[in-house]
Amino acid sequence: AAGKPVIIKSNGKAEAIEEVLTTRAINDGVSVHNTNSLNHNHGSLTGCYSSGQNKWVTWHVNNDDSAKPWVTCWRHDGTNDIAKDEASAFSHIGDSSILNDNDYRPRMAYDVNADKVVGIWRKSHPNNRLGAWCGTVPAPGTNSSVTFGSGPIEAHNDDVKMMDLIYDPDAQKCIAVFMDEGDGDKGKSVVLTTTGSGASASVSASSAVTFYASYCGYKALAYDTVNDKTVVFYTGASNYIYAKPASISGTTLTWGTEEGIVNAAVSNQIDVAYGNGIFFLVYSRSSDIKGKAVSYNGSSWTHGSEFDIVTSCNDEWPEVTYDPETNIFLIAIRVDTNGIRTYMATNSGTTVSIGTTAPYHGGSNMNRRIFIPDKTGTTLLVHSSQSGSTRLKAVVTRHANLVSNLSASSQNFLGFAEDAISDGATGTIKLPGNVVGNQSGLTPGEHYAVSSAGVVSSGGSQYSAGGLAVASDKLMIRPVPKS
């Protein structure tokens, strides 16, 4: 872009001033920063990240308020601070008895195309059906909770449990999977379509499609960005783990060939994340938390070896997620009754390396948590604690840091590129003492400084690169004078 400040690199070439994500070494673990909390005796915690509005959204049951559903937007401003905007969702969702058992945990996903959050849950009224709702996350700088769309729908007319939900960016729709208790505990699925905006937004559901015709236990969905496929992983016969890819045409789901993933009985919930060419599964087996990576080329599977993540640990709900900005997997495991550890991991093919440093997050009876990355190297860990005044706690962690190429005291500041210069091309750089154009919104006579991200704004110190505004669109380049 035109009018941008630049530095001089050690190779003698100019480069626009910017901040770049620099990933922490996995053996250093995530860094732990500020916290916020809700004093709710809660259950059924779930959530997602709204990339459109740069906010995390969580949904839980507030047992201090007759088990009513509660939705919270968590926001941060690029620092390590975390703020919240919470509100009861009872007037919209209307279900005051969402069950707290992990088998009935609700799920959320962010519909990128519609810029909406979508939720599913087992409705207690009537008769344990699959419910679905959608809502709009407020824009950055707007401190309020979610704006709900039109009334929630019954997405499947039968008893359900053990569900999951994901957004499929190729189909631009959400997919929900669940056990149909009213039809032999089969594994079934529906496509959810979100339309409209604001309070008029609505969600609709397709007819259910069976993907597993016998008892289908826990489920986890992941989207393969290489083959543009949503894949369901589930516990089936003998509590082994299986997988099937999905194809979507309109609102019609077609499930592909089943693949056996773990040929041994697992217990409790499984979780999966897709990234860097693999599906990375975490699950509990033989009182250990195990991991396994598999890859899919669109027709066949490649299996890595199963390995231990934490031994002598019986976590009911191990959590794994992936940050595509840094190629890092992030894992949250309940290692004992009162604590969670968070791990970083990388992969080379189907071989996964787990970091040796895992910060401990303490509490009381911490049996629920979610771990959601954003796009700035920050991850929000939201976890439960059954005592004290912070019974629902949000913790900011960082697995990468934004590092500027502008050195301390702006020692490598060169000047401004008045006109846009393509990468690798030559161009004119205006040095200190010259006037540069292609600025905007300046107040003549005011001093302006260049930030670590290359943004020009008023203020600064004697060590700041910048200049003196001589017109609303022109800056005389010079250091900011000592105040």
Side-chain angles (χ1 to χ4, degrees), residues 109 112-113 162-179 186-193 206-266 270-283 285 290-307 320-324 327-329 345-353:
V112 177
N113 181 61
M162 297 178 177
M163 62 197 74
D164 200 11
L165 180 70
I166 197 170
Y167 175 70
D168 185 307
D170 187 54
Q172 297 185 341
K173 299 179 187 299
C174 289
I175 299 175
V177 292
F178 51 90
M179 174 194 283
K186 295 176 182 176
K188 294 190 177 182
S189 56
V190 295
V191 176
L192 301 176
T193 303
S206 69
S207 299
V209 174
T210 298
F211 65 87
Y212 191 72
S214 299
Y215 177 90
C216 188
Y218 291 108
K219 300 158 198 71
L221 291 163
Y223 182 76
D224 178 343
T225 57
V226 173
N227 296 293
D228 292 327
K229 297 277 188 185
T230 290
V231 178
V232 62
F233 294 80
Y234 53 93
T235 53
S238 303
N239 283 330
Y240 291 7
I241 299 178
Y242 303 88
K244 278 187 180 180
S247 297
I248 306 177
S249 176
T251 58
T252 301
L253 265 174
T254 303
W255 291 97
T257 302
E258 181 179 85
E259 174 77 4
I261 302 297
V262 176
N263 296 320
V266 303
I270 60 176
D271 200 16
V272 64
Y274 180 85
N276 201 28
I278 65 164
F279 296 93
F280 178 26
L281 290 94
V282 296
Y283 49 90
R285 189 174 75 77
K290 305 278 190 180
K292 183 176 180 178
V294 295
S295 62
Y296 177 64
N297 66 7
S299 59
S300 62
W301 294 80
T302 299
H303 291 246
S305 300
E306 183 185 69
F307 60 93
V320 62
T321 188
Y322 176 75
D323 178 17
N327 282 337
I328 291 291
F329 290 94
T346 56
N347 74 291
S348 176
T350 55
T351 300
V352 177
S353 299

Is a donor from one side chain sitting under 3.5 angstrom from an acceptor on the other, for S247 and K229?
yes
If you take the centroid of each ring, where Trp contributes its six-membered ring, are F279 and F233 closer together than 6.0 Å?
yes
Okay, side chain of T251, backbone of V191: is any donor-acceptor separation there less than 3.5 Å?
no
Set of ring-ring contact (aromatic ring centres under 6.0 Å, His included) partners for F178, sequence neighbours left out
H156
Hey, what's the ring geometry for F280 with F329, parallel, tilted or perpendicular (30° and 60° as the breaks)?
perpendicular
With a 3.5 Å distance limit and no angle check, can you tell me whether D224 reaches the backbone of N227 through a side-chain donor-acceptor pair?
yes
Would you tell me whether Y218 and D164 have side-chain atoms, one donor and one acceptor, within less than 3.5 Å of each other?
no
Between N263 and Y240: side-chain donor-acceptor atoms closer than 3.5 Å:
no
Does any donor atom in the side chain of N297 or S295 lie under 3.5 Å from an acceptor atom in the other side chain?
no
Donor + acceptor pair across side chains of K186, T210 (<3.5 Å)
no
Is it true that the side chains of N113 and Y167 contain a donor and an acceptor less than 3.5 Å apart?
no
Any donor-acceptor pair under 3.5 Å linking the side chain of K173 with the backbone of D170?
no
Parallel, tilted or perpendicular: which one describes the rings of Y212 and Y234, with boundaries at 30° and 60°?
tilted
